[in-house]
Amino acid sequence: MKFSSDIVIGLEIHVELDTKTKLFCGCKRRTTEEPNTNVCPICLGHPGTRPVLNKKALASALKLCLALDCDLSKELIFSRKSYFYPDMSKNFQITQFEKPLGSKGKLQLKKGKIVNLTRIHIEEDPAALIYPKGMKGSSYILIDYNRAGNPLVEIVTEPELTSPAEAREFLNQLVSILTYLKIFDINTCTIKADVNVSIKEGNYQRVEIKNISGFKELEKALTYEVTRQKTLLRRGLKVKMETRGWNEAGKTTISLRTKETEADYGYIIEPDLSTIDITDELIEVMQKEIPELAQQKSERFVKEYKLDKVDAQVMAMELELADLFEKVAEKIDPKLAARWLRKELLRVLNYNKKTIREIKFDEKEIIELLSLMQTKTISETTAQRIMEKLMSEKFSPKEYVKKEGLIQVSSESEIRELCRRVIKEQEKAVKDYLAGEEKSFHYLVGQVMKLTKGKANPILTDKVMREELKTAK
Amino acid sequence: MKIDKELIEKVSKLAKLKLDESEKEKYSKDFKEILGAFAILDKMDVKSVKSSFRPIEEKDILRDDKVRESITQKEALKFTKHQEKGFFVGPKTIE
Amino acid sequence: MLKEHIKKVKSGEIKLTEYVKEVLDKCKSINKELSYFNTICKKEALEQAKEVEEKIKSKKAGKLAGLIITVKDNLCVRDVESTAGSRILKGYKPLFDATAIERLRKEDAIIIGKTSCDAFGFGSFNTNVGLDFEIPKNHQDIERVTGGSSGGSAGITAVADFVHVAIAESTGGSIESPASFCGVIGFCPTYGRVSRSGLISYANSLDKIGVMTKKVKDIAPVLEIISGFDEKDSTSLKHKINLKSDVKKLKIGIIKESLGKGIEPEVKKAILKIIEKLRKKGFICEEVSLPITFKYGVPTYYLISTSEASTNLACLSGLRYGQEEDPKGKSFAEYFSEVRSKHFNDESKRRIMLGTFARMAGYRDAYYIKATKIRTKIIEEYKKLFEKYDVLISPTMPVVAPKISEVKKMTPLQNYMMDILTVGPNLTGMPHATISAGDKEGLPIGLMATTDHQEEGKLLQFLEIIEGLQ
């Protein structure tokens with residue numbers, strides 16, 4: 001295969017679908033704290049048990065394939081992938097080998113690059129393994145089958161990603177689509193990736209890193225691995241084609257096992273599952289259930305609300321944010337709404353390590369807050385502070401402003417008086433400013449803010465201060 | 001295709017069966033005889049034939065996404081004495 | 001026989017608990033001699049009998065009240081040891097009933113024991129019993145086999161002097177072979193007719209649960225109860241079983257390849273005698289041919305069944321249930337191999353390896369895939385004949401019951417070739433049955449009849465005709 005970029009990355013992503021039950025049995029999908037409490041003879045692989053396919057998992061997978069523009073196979077057929085491992089309750093995994101549900105899909109990144117998807121298919125999750133004395137020091141393992149049989153969708157990309165950051169962005173876009181389709185709940189569903197990474201200097205010798213959880217870890221692991229490969233080559237050593245694991249604690253990749261022989265999975269068709277016809281009627285029904293996705297929404301925001309492209313993309317990324325924005329934009333200037341939600345709401349969410357789903361307020365509070373800003377009743381600083389407070393409790397910004405007396409000081413005469421006072425009191429700063437130090441100007445403005453407890457209209461204060469300082473010479 | 005001890009070893013490894021030398025000889029002999037007779041299949045041309053993975057087909061059987069009773073942890077673990085704090089104890093996965 | 005018995009139970013003429021106690025004692029002594037049972041569930045059977053007696057008093061008893069049932073040991077019976085005849089599952093008592101068993105219980109049948117079989121169904125003579133298990137003996141001559149793999153089912157059906165139906169299972173001929181060798185009726189319905197939920201799988205696309213009885217009349221009442229769609233088995237048929245048929249004159253096809261070389265002359269003679277009687281009664285009996293089935297059937301069957309079986313048996317590796325060792329300190333490859341090698345018998349190992357090989361990369365197309373394509377051709381071949389004929393007949397087995405010592409001398413391939421007459425309907429999943437056609441010096445000979453998919457009614461009709469001839 002011919003490559004041109006310096007770094008070549010391919011992803012194999014496993015997404016847990018948001019269903020009530022497992023893929024092939026009626027056990028609850030959500031795991032509980034206690035091990036082996038969400039299990040039954042089917043997911044424990046007891047003799048005589050047989051799988052029965054979860055309708056919702058099929059529907060979710062179909063919607064995903066449609067949203068990612070895949071070619072669909074005409075029949076849904078499952079295979080048994082045989083390999084012995086303690087996390088496999090049957091020592092084979094029911095997956096799709098011969099004909100994946102979707103193939104030749106596409107996902108578009110923010111800047112427009114289209115990443116091609118090789119295949120999308122449905123399979124079951126193995127059990128969870130715990131190493132009682134760490135990965136390297138345990139003489140035995142502990143197995144919890146709560147997860148065994150959970151419904152997964154596997155998405156395989158062509159090796160077309162060219163940097164760790166791009167890989168992370170791909171995942172972000174994917175999660176946006178998954179949440180839009182309502183087939184994935186970030187609170188209860190896991191998303192894991194295996195990655196293939198190779199570099200030009202290493203003649204594109206591929207290394208696989210397995211089982212990375214979380215996007216930050218993905219970027220870290222990829223970055224580490226690229227560095228590791230470059231270092232090896234610089235030393236005159238070769239990059240071995242192997243499988244490595246990401247050690248989150250040590251922030252390194254460790255060799256799992258060099259593939260002595262290619263694993264032979266001895267695929268047969270799963271004889272216990274019935275063939276499902278993927279008919280045109282079924283596809284039509286699924287298609288109707290797909291909402292406007294982020295891409296289209298973002299384009300619509302640009303058109304309808306005249307937002308700039310970047311603001312529109314950010315607003316459209318998460319369904320909850322997009323809905324919030326549109327509700328706010330009904331009453332507030334959309335551009336202000338977008339700017340505020342993008343800068344201030346996201347800032348405050350990040351700081352508190354919360355997601356938009358965890359906020360206690362809704363559009364009512366934002367609308368109140370922004371109308372106070374629009375009418376210049378409060379300063380931006382005050383608004384920011386109110387935003388921060390809203391993260392811990394729900395309250396009416398209008399009433400709060402009244403109660404705390406936070407109305408902006410916007411009378412020019414008042415401001416002028418305060419400026420004059422500050423100029424009088426801060427002799428040194430004034431001297432420094434007149435000598436050319438711009439920093440001191442900000443200090444002086446800051447002093448006015450201090451006196452007014454942040455309520456002074458910043459733009460007006462700026463203007464008046466400059467005027468007064470001119471005459472102060 | 002050579003049917004010899006090497007093949008038997010490869011297959012037994014995949015099947016997780018530990019065979020001693022006499023077993024390897026025995027199964028090697030059996031394979032030779034059986035696959036020799038089964039070679040008659042080469043005579044039939046089925047290139048354009050579709051596979052029958054089941055003799056009679058019932059299609060589109062699906063299950064509603066409804067929770068069904070699970071078994072208790074006790075019931076799950078009752079068949080083994082190798083358990084610890086509610087987990088199954090298993091062999092090492094990392095050398 | 002069955003209907004009269006149930007009447008007597010429901011009327012109180014038969015005191016059920018006493019009756020069951022007697023039956024259990026009889027089975028105990030039969031077993032000492034003939035080894036038909038892996039487990040006789042005395043406690044459970046008596047408990048059941050008591051419960052049913054109460055239901056009889058309140059007139060709430062089911063359709064099969066008091067019917068004695070034995071169950072092949074590869075069907076799960078809740079809390080009763082279910083080993084599939086293998087040592088690796090010794091001590092395993094399932095948490096649930098197979099659906100067929102559940103349905104029988106609901107109608108108040110009494111399950112008295114689990115019958116002997118070749119481990120996992122791997123055998124045609126019931127000589128491939130698991131390690132530490134006994135080989136069941138033919139009641140006509142204890143040096144001879146019962147046939148397999150449902151040998152215990154056939155044996156107990158033959159010797160029981162109480163009303164009884166055996167629940168058995170066939171993958172490649174496991175109902176027909178023993179029923180034929182023991183001189184009883186073995187009935188195997190269409191694939192999917194009876195739910196396989198709770199059947200410890202040999203080969204998922206070939207396994208079928210069926211029954212063995214002494215009288216044709218006793219088949220339908222049991223089949224009706226155990227058959228029908230089960231949401232736990234995605235391959236179970238939705239269409240309800242049709243047990244009635246009144247075709248004016250069934251058209252019969254005689255499979256010519258089944259009466260040629262390799263068939264014992266006495267067997268051939270017995271079948272020809274029946275054909276003569278049928279012709280005298282005005283039935284059209286014409287020679288037909290199944291060339292693909294007879295040329296490629298056995299390899300096709302073994303490649304598909306072992307491919308599936310080798311994956312089915314993978315879960316038996318000393319984790320979660322079944323025989324185990326101490327896993328601590330061992331690698332998983334080491335541990336799994338240890339347990340499996342210790343407890344699987346010779347034939348289990350052989351078939352696991354054959355099946356693993358057949359689906360290996362590089363061999364898969366020539367073996368597993370090719371076999372599934374030939375299967376299509378075999379089904380086509382049968383379907384074509386059923387356009388013209390209602391029933392196809394042949395001997396069930398090429399021989400009468402061989403000596404146990406003779407079987408032990410056979411090579412694996414020679415063993416497999418004995419399925420030549422039964423693999424056809426098993427591969428096609430068509431209903432088929434065996435019924436007594438005479439004997440050779442006391443050793444039973446069986447006639448096998450096959451009908452098209454879902455034509456159990458026609459098959460029963462035909463069996464009644466044959467039964468009436470004797």
Side-chain angles (χ1 to χ4, degrees), chain B residues 1 3 7-8 10-20 23 26-27 29-31 33-44 46-64 71 75-83 88-95, chain C residues 92 95 190-192 205 231 234-238 292 295-296 299-300 302-303 310 317 319-322 324 326-338 340-341 344 349-350 352-354 356-357 360 363 369-377 379 411-413 416 427-430 453:
Chain B
M1 173 195 67
I3 304 169
L7 178 67
I8 297 294
K10 194 170 179 205
V11 175
S12 66
K13 214 173 172 193
L14 274 175
K16 295 294 171 282
L17 292 171
K18 202 167 53 172
L19 306 175
D20 62 34
E23 283 175 305
K26 174 172 68 167
Y27 294 127
K29 195 162 150 245
D30 291 341
F31 261 47
E33 190 196 28
I34 295 167
L35 295 174
F38 287 7
I40 198 172
L41 292 181
D42 295 342
K43 292 210 176 129
M44 189 151 187
V46 286
K47 246 181 297 206
S48 56
V49 180
K50 197 166 178 241
S51 284
S52 288
F53 297 111
R54 273 176 290 278
I56 177 172
E57 189 77 62
E58 196 68 80
K59 282 195 168 181
D60 302 331
I61 304 293
L62 294 164
R63 173 180 62 86
D64 284 335
I71 57 178
E75 285 174 307
L77 291 165
K78 86 175 204 190
F79 298 99
T80 175
K81 57 178 197 260
H82 298 111
Q83 47 176 283
F88 289 91
V89 170
K92 293 192 291 188
T93 54
I94 300 190
E95 299 297 339
Chain C
Y92 175 67
L95 294 165
T190 313
Y191 174 85
S205 75
E231 56 172 17
S234 304
T235 63
S236 61
L237 297 173
K238 288 202 148 151
I292 300 176
K295 199 164 181 203
Y296 304 108
T300 300
Y302 276 96
L303 289 172
S310 59
S317 53
L319 271 185
R320 298 177 306 283
Y321 53 80
E324 55 182 11
D326 185 0
K328 293 195 178 163
K330 300 184 181 129
S331 77
F332 69 91
E334 215 187 305
Y335 178 69
F336 291 160
S337 304
E338 193 186 322
R340 289 161 67 80
S341 308
F344 280 145
K349 289 182 188 169
R350 187 175 294 111
I352 288 171
M353 291 210 295
L354 193 56
T356 303
F357 167 79
M360 260 168 78
Y363 303 118
I369 296 290
K370 184 146 198 191
T372 60
K373 291 185 174 190
I374 298 180
R375 185 185 201 165
T376 305
K377 297 301 278 180
I379 295 172
T411 67
L413 179 64
Y416 299 167
L427 277 166
T428 64
M430 288 164 176
H453 286 136

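Below, chains carry the letters A, B, ... as their sequence lines are ordered, and counting in each starts from 1. Not measured: the values here are computed from a predicted model.
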So for [X], is it side chain, backbone, both, or neither that comes closer than 4.5 Å to the heavy atoms of chain C?
{"X": "B/Arg54", "value": "both"}
{"X": "B/Glu23", "value": "side chain"}
{"X": "B/Lys78", "value": "side chain"}
{"X": "B/Lys50", "value": "backbone"}

**Check: B/Lys13 side chain, C/Ala333 main-chain N or O, donor-acceptor pair, under 3.5 Å** =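 No; zero donor-acceptor contacts below 3.5 Å.
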Among the options [options], pick out the one with the most heavy-atom pairs lying under 4.5 Å from chain B.
{"options": "C/Lys328, C/Met430, C/Lys377", "value": "C/Lys377"}
{"options": "C/Ile352, C/Thr356, C/Ile292", "value": "C/Thr356"}
{"options": "C/Leu319, C/Thr235, C/Asp326", "value": "C/Asp326"}
{"options": "C/Tyr416, C/Tyr363, C/Tyr321, C/Phe336", "value": "C/Tyr363"}
{"options": "C/Gly192, C/Ser234, C/Ser317, C/Gly429", "value": "C/Ser234"}
{"options": "C/Arg340, C/Met360, C/His453", "value": "C/Arg340"}

Most chain C-contacting option - heavy-atom pairs closer than 4.5 Å, from [options]:
{"options": "B/Lys18, B/Arg63, B/His82", "answer": "B/His82"}
{"options": "B/Ile40, B/Leu7, B/Leu14", "answer": "B/Ile40"}
{"options": "B/Ile71, B/Asp42, B/Leu35, B/Leu62", "answer": "B/Leu35"}

Gap separating the [atom1] atom of [X] from the [atom2] atom of [Y], nearest 0.5 angstrom:
{"X": "B/Phe38", "Y": "C/Leu303", "atom1": "CZ", "atom2": "CG", "answer": "5.5 Å"}
{"X": "B/Lys16", "Y": "C/Phe332", "atom1": "NZ", "atom2": "CZ", "answer": "6.0 Å"}
{"X": "C/Glu324", "Y": "B/Thr80", "atom1": "CD", "atom2": "OG1", "answer": "3.5 Å"}
{"X": "C/Ser205", "Y": "B/Glu57", "atom1": "OG", "atom2": "CD", "answer": "11.0 Å"}
{"X": "B/Leu41", "Y": "C/Ile374", "atom1": "CG", "atom2": "CD1", "answer": "4.5 Å"}
{"X": "C/Lys373", "Y": "B/Ser52", "atom1": "NZ", "atom2": "OG", "answer": "11.0 Å"}

**Which residues share a salt bridge (Lys or Arg N to Asp or Glu O under 4.0 Å) with C/Glu231, sequence neighbours left out** =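 B/Arg68.
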**Item:** Counterpart residues, salt bridge (Lys or Arg N to Asp or Glu O under 4.0 Å), relative to C/Glu334 (two or more places apart)
**Value:**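 C/Glu334 satisfies salt bridge (Lys or Arg N to Asp or Glu O under 4.0 Å) with no other residue.
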If we only count heavy atoms from C-beta on, is the [X] to [Y] side-chain gap below 4.5 Å?
{"X": "C/Leu427", "Y": "B/Pro55", "value": "no"}
{"X": "B/Lys43", "Y": "C/Tyr296", "value": "yes"}
{"X": "C/Pro327", "Y": "B/Val89", "value": "yes"}
{"X": "C/Thr411", "Y": "B/Asp30", "value": "no"}
{"X": "B/Leu17", "Y": "C/Ser337", "value": "no"}
{"X": "C/Ser341", "Y": "B/Leu19", "value": "no"}
{"X": "C/Arg350", "Y": "B/Lys26", "value": "yes"}
{"X": "B/Tyr27", "Y": "C/Met353", "value": "yes"}

Under 4.5 Å from a heavy atom of chain B, the part of [X] involved:
{"X": "C/Leu354", "value": "both"}
{"X": "C/Ser236", "value": "backbone"}
{"X": "C/Tyr191", "value": "both"}
{"X": "C/Leu237", "value": "both"}
{"X": "C/Thr428", "value": "backbone"}

**Item:** B/Phe31 and C/Phe357 aromatic ring geometry - parallel, tilted or perpendicular at 30°/60° bounds
**Value:**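 It falls in the perpendicular class, over 60°.
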**Prompt:** Please walk me through it: do B/Leu77 and C/Arg320 pass side chain to side chain contact (heavy atoms under 4.5 Å, CB included)?
**Reply:** CA-CA 7 Å; B/Leu77 291 165; C/Arg320 298 177 306 283; over 6 Å; no
